[in-house]
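What follows is a set of notes on a single structure, which appears directly below.
Heads up: numbering here begins at 1 and tracks the sequence.
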Amino acid sequence: MANLCEKTASQLLELYQKKECSPKEALVSVSGSIKAKDKDGRKIHAYIDSENVTPKFREKAFSSGRLSGIPVAIKDNICVEGQEVTCASKILKNFVAPYNATVIEKLLDAGAVIFGRTNMDEFAFGSSCETSCYGPTRNPRDPERVPGGSSGGSAASVADHTAIAALGSDTGGSIRQPASFCGTVGIKPTYGRGSRYGLIAFASSLDQIGPITKDVRDNALILSVLAGYDPKDSTSANVPVPDYLRALENQNLSGMKIGYPVEIQKDLTPDAAKLMQGAMKVLEKKGAVIDRSVTLPHTRYAVNVYYIVAPSEASSNLARFDGVRFGFREGSATNLLDLYEKTRGEGFGAEAKRRIILGTYSLSSGYYDAYYLRAMKVRTLIKNDFDKAFKEVDAIMMPTAPSGAFKVGEKTKDPLEMYLSDIYTISANLAGIPAISIPGARSAGENLPLGLQFLGKPFAEETLYKIAHAYEQESGLHKTLGNVR
Ligand code: GLN
């Protein structure tokens, strides 16, 4: 039998049921794998802390539930009661979460084991996991390369079999882009599909939590547990949660129309063009009809809009970190203003400061109309484009990222270039719609995983899982990449 850490959640559940192994053995296998890989010289560094299983969680974990005894790694911006949570920022060092995020409560209720804190870009600002105050995470497929970001630690742990599954958060692509770079599956659910309570906010109108997994089945299983209304989060929607596993029963896509937008077809990198050619063939083979005439004319403004809206919300959300209430405080301050300046000056890294300055500027009274308000208007146009497109098609396909994982250090000098790596992921957050990334192909030459993205109507995660699963089963990439053995 392969090591238990190399199993998927669904495989482990089956083994538990047949009494072929126990949750404790799986847990030991996962921690053993982390320890072994910590020492193997590749310096993947997916975890900030991997010793987090408390007895309290254990008790609940081994009872019955849909995820009974499944270890799930958690991004360092989701609160787990009694555990440090820092958003990989010096400003939150030593801050201990006073309560569980709702997603943590849900995982615990389903019997999962909360296991380890995964590395991320500071406050989820980034696409490469290089802005963490703990140092970068590297891509297990090629340690010279980044794992993507900001949920880079979560994606790397799953790809490296140091986690069975992990939670990430996605504001502009932070689940899907690292999933793409590491060859895993990641979904950003519809805005409001689940609770953000206990997720340390980056941009409240864009953030969602979602699972990163080895295959589509695990993803559907875990989202079935996470999704749903939460009275503690007024932006969560009271919409019934289907059992997403049901979407996987039938892999026939006939009758389904998938749009490949005109704007996306232009300016593709050779790798992305090949990915899309191959993807169309696979989907057509499964019975889907590809519509190459749908248009999303305003998506070309998505990056511009996002880099006004997201930093604006971030500057407001990060105002609370002032040295008074949370985490780090610069001790030498002589008065209140000095305390703010010194704490924030020392506590935040360069990218966080850049976002705060950008956001504060676009929200300031003289510039609000010119920047923030205007960006919000274009955001509506982007959403309208999708509404219109979804009158014609059931889902939309595009690459997750322009290329495979880039090299560590390659884009750190030019923030604008880094921002452009999210060109295909951002519009789903602006429109509030669900989007999934699955392994779609491998790059020529370097053989790196390339993510294929499907976007759906609000609350149509089921459709996305159906298409993604059919694609996965036909392409077999989850197996050839070694995610499922
Ligand atoms: N890379 C994007 C950014 O830096 C998205 C990050 C995210 O989704 N959290 O803002």
Side-chain angles (χ1 to χ4, degrees), residues 42-48 75-77 86-93 118-157 159-160 168-182 202-203 269 271-272 303-304 306-308 310-311 314-315 318 344-359 361 400-426 443 446 448-451:
R42 294 178 309 150
K43 298 199 167 38
I44 301 302
H45 189 227
Y47 286 94
I48 295 167
K75 187 177 179 179
D76 189 37
N77 60 354
T86 69
C87 292
S89 178
K90 184 175 170 190
I91 209 158
L92 270 173
K93 275 217 173 144
T118 56
N119 201 15
M120 58 184 279
D121 281 294
E122 183 180 12
F123 281 101
F125 303 149
S127 308
S128 66
C129 221
E130 291 171 290
T131 66
S132 162
C133 74
Y134 305 100
T137 294
R138 288 166 179 271
N139 192 321
R141 310 275 176 200
D142 175 357
E144 296 287 297
R145 294 175 188 272
V146 303
S150 63
S151 314
S154 291
S157 65
D160 208 21
S169 66
D170 192 312
T171 307
S174 275
I175 288 175
R176 289 161 287 154
Q177 186 256 21
S180 168
F181 280 15
C182 292
F202 161 3
T269 60
D271 271 342
V303 174
N304 309 44
Y306 174 86
Y307 278 99
I308 298 290
S315 71
L318 267 53
R344 289 167 69 83
E346 277 235 352
F348 288 127
E351 185 59 30
K353 285 179 189 159
R354 191 175 294 126
R355 306 265 175 138
I356 292 170
I357 292 167
L358 202 63
Y361 180 82
T400 308
S403 66
F406 45 87
K407 292 244 167 84
V408 174
E410 195 180 319
K411 295 189 199 259
T412 41
K413 282 190 198 74
D414 184 353
L416 290 184
E417 227 201 280
M418 187 73 89
Y419 296 171
L420 283 174
S421 49
D422 299 314
I423 191 161
Y424 298 124
T425 47
I426 277 172
S443 65
E446 289 128 349
L448 297 166
L450 301 172

### Task
Taking N139 for its side chain and F181 for its backbone only, find out whether a donor-acceptor pair lies under 3.5 Å.
yes

### Query
Just by distance, do the side chain of S443 and the backbone of L448 share a donor-acceptor pair under 3.5 Å?
yes

#### Entry: side chain to side chain contact (heavy atoms under 4.5 Å, CB included) assessment of R344 paired with I91
CA-CA 7 Å; R344 289 167 69 83; I91 209 158; 4.2 Å; yes

Side-chain heavy atoms of [X] within contact of [Y], under 4.5 Å:
X	Y	result
T400	Y424	no
L358	S315	no
P147	C182	yes

Nearest atoms (heavy-atom pairs only) where [X] meets [Y]:
X	Y	result
P140	A159	CG-CB, 4.0 Å
T118	G153	CB-C, 3.6 Å
A156	A46	CB-CB, 4.1 Å
S169	N77	OG-ND2, 3.0 Å
A155	A179	CB-N, 4.1 Å
S174	A124	OG-O, 4.1 Å

### Message
My understanding is that only one of N119, D76, T137 makes a side chain to side chain contact (heavy atoms under 4.5 Å, CB included) with S132; could you say which?
### Response
N119

Starting at [atom1] of [X], measure out to [atom2] of [Y] and round the result to the nearest 0.5 Å.
X	Y	atom1	atom2	value
H45	S157	NE2	OG	12.0 Å
R138	I44	CZ	CD1	8.0 Å
F123	L92	CZ	CG	4.5 Å
E351	R354	CD	CZ	4.5 Å

## Note on the structure
Between R176 and the options T425, D422, D170, the side-chain hydrogen bond (donor to acceptor under 3.5 Å, both in side chains) test singles out D170

### Query
With sequence neighbours left out, what residues match S421 under side-chain contact (heavy atoms from CB on, under 4.5 Å)?
S127, Q177, F406

### Task
Hey, can you tell me if F202 and F125 have their rings parallel, tilted or perpendicular (30° and 60° cut-offs)?
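Perpendicular: the ring planes of F202 and F125 meet at over 60°.
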
### Message
With no hydrogens and no angle check, just 3.5 Å: does a side-chain donor-acceptor pair link T86 and Y134?
### Response
yes

### Message
Just by distance, no angles: are the side chains of S151 and K75 close enough, under 3.5 Å, to form a donor-acceptor pair?
### Response
yes

### Query
Under the side chain to side chain donor-acceptor pair (under 3.5 Å) rule, what pairs show up with a residue in residues 403-415, not counting sequence neighbours?
K411-E417

### Task
Can you tell me which residue pairs pass the salt bridge (charged side-chain N to carboxylate O under 4.0 Å, His left out) test with a partner in residues 118-132, sequence neighbours excluded?
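Found none.
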
